[in-house]
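All figures in this text were calculated on a predicted structure; none of them were measured in a lab.
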Amino acid sequence: MSDNEPLILGIETSCDETGVGIVRGQTLLADAIASSVEEHARFGGVVPEVASRAHLEAMVPTIRRACETAGIKPTDVDAIAVTSGPGLAGALLVGVAAAKGLALSLEKPLYGVNHLAAHVAVDTLEHGDIPKGAIAMLVSGGHSSLLAVEDITVGVEPMGSTIDDAAGEAFDKVARVLGLPFPGGPYVDKAARDGGDALYVRFPRGLTSQKDLERHRFDFSFSGLKTAVARWVEAKRRDGEEVPINHVAAAFQEAVCDVLTRKAIDACKDRGYEHLLIGGGVAANSRLRAMAEERCAAAGIAVRVPRPGLCTDNGAMVAALGSELVRAGKEPSPLGLPADSSMPITTVLNS
């Protein structure tokens, strides 16, 4: 790490995590997070108004904690980066307003960045520069996307996305069917690892038939899978049989990971790329990581996945993308920067 590298403070508030990260170049100095997930758990999902208020209350303490961890003062930073979209409108507004206030008071440049592109850029903090030519697969509660990445600071090309439920959303809904807590991903993963048999029942793989592949080769669909699991469980309960939660969790998880890795590798082959990056909250799933490593190795593709703590929403990923943009000499965003809840993935920097 060189002191000549830019020192970036990143703010993330797209959903229920208030994240503040501090990065110098490609070195992570602090990753402070305040989560409101427990406040949403009793509702079985994220409540936008609750998330926005939680961000308001957590913002200043989280910024202070990040600066203390990094051993810096706010005046030391070279630029402020913030998630400008996509995400929950109210939650985004809190982060963008805070970033504007910091940028204005500290007289520092402001970079409004894309949440999804930040999930790709965070990999630089562990593995260095992103290869010139890689497929990025982003899987989270709101997104399941395949992206072609030549240069993250210029833009990304969408290849495919979910046509209904995202992978993380399906995990939450199946967890609810099985009586597991919210958010569902970690609990389904744990149930599957605790003696689950992935071959106990074969659930459907959406958009993998020959007919589907002709129209939706790189797209995802998890709504049918979620419904199939719910109906299977309902039938068992209706017949008075005990539902083998661990086996169902493992079989469901296997179906999701099978489709995700199969299509990601197909996208790499289609573009002739030898690198696959995986990001987003579902990238923390142990089965997805293991299956991706195994299948990519067999296909001659190098897979890059950040450690689980950097896969979920955090400020470090925003700071990482901000750092890449500053290092590439990109012009900052205007102080009139809007929060854009439907910001397209093709827009990496909101200018």
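- For R327 and E324, the salt-bridge test passes: some basic side-chain N is under 4.0 Å from an acidic carboxylate O.
- Note on R193 versus D189: salt bridge recorded, some NZ/NE/NH1/NH2 to OD/OE distance being below 4.0 Å.
- A donor-acceptor distance shorter than 3.5 angstrom exists from the side chain of S333 to the backbone of N350, with no hydrogens or angles considered.
- A salt bridge links D258 with R295: the distance from a Lys NZ or Arg NE/NH1/NH2 to an Asp or Glu carboxylate oxygen falls below 4.0 Å.
- Between R271 and E157, at least one side-chain N (NZ, or NE/NH1/NH2) sits under 4.0 Å from a carboxylate O, which counts as a salt bridge.
- Here R24 does not pair with E5 in a salt bridge; the nearest charged N to carboxylate O distance is not below 4.0 Å.
- Between P74 and L9, every side-chain heavy-atom pair lies at or beyond the 4.5 Å cut-off.
- Under 4.0 Å is where a charged nitrogen must lie from a carboxylate oxygen, and between E169 and K173 at least one such pair does.
- No donor-acceptor pair under 3.5 Å is formed between the side chain of T83 and the backbone N or O of G85.
- In the hydrophobic clustering of ILVMFWY residues, with side-chain heavy atoms under 4.5 Å counting as a link, L110 and I63 come out together.
- The backbone N or O of P244 lies less than 3.5 Å from no partner atom in the side chain of N246, so there is not a single donor-acceptor pair.
- Between the side chain of H115 and the backbone N or O of P86, no donor-acceptor pair lies under 3.5 Å.
- Taking the six-membered ring for Trp and the full ring otherwise, F222 and F171 have centroids separated by 6.0 Å or more.
- A salt bridge links D151 with K132: at least one charged nitrogen is closer than 4.0 Å to a carboxylate oxygen.
- Between the side chain of S52 and the backbone N or O of A91, at least one donor-acceptor pair lies under 3.5 Å.
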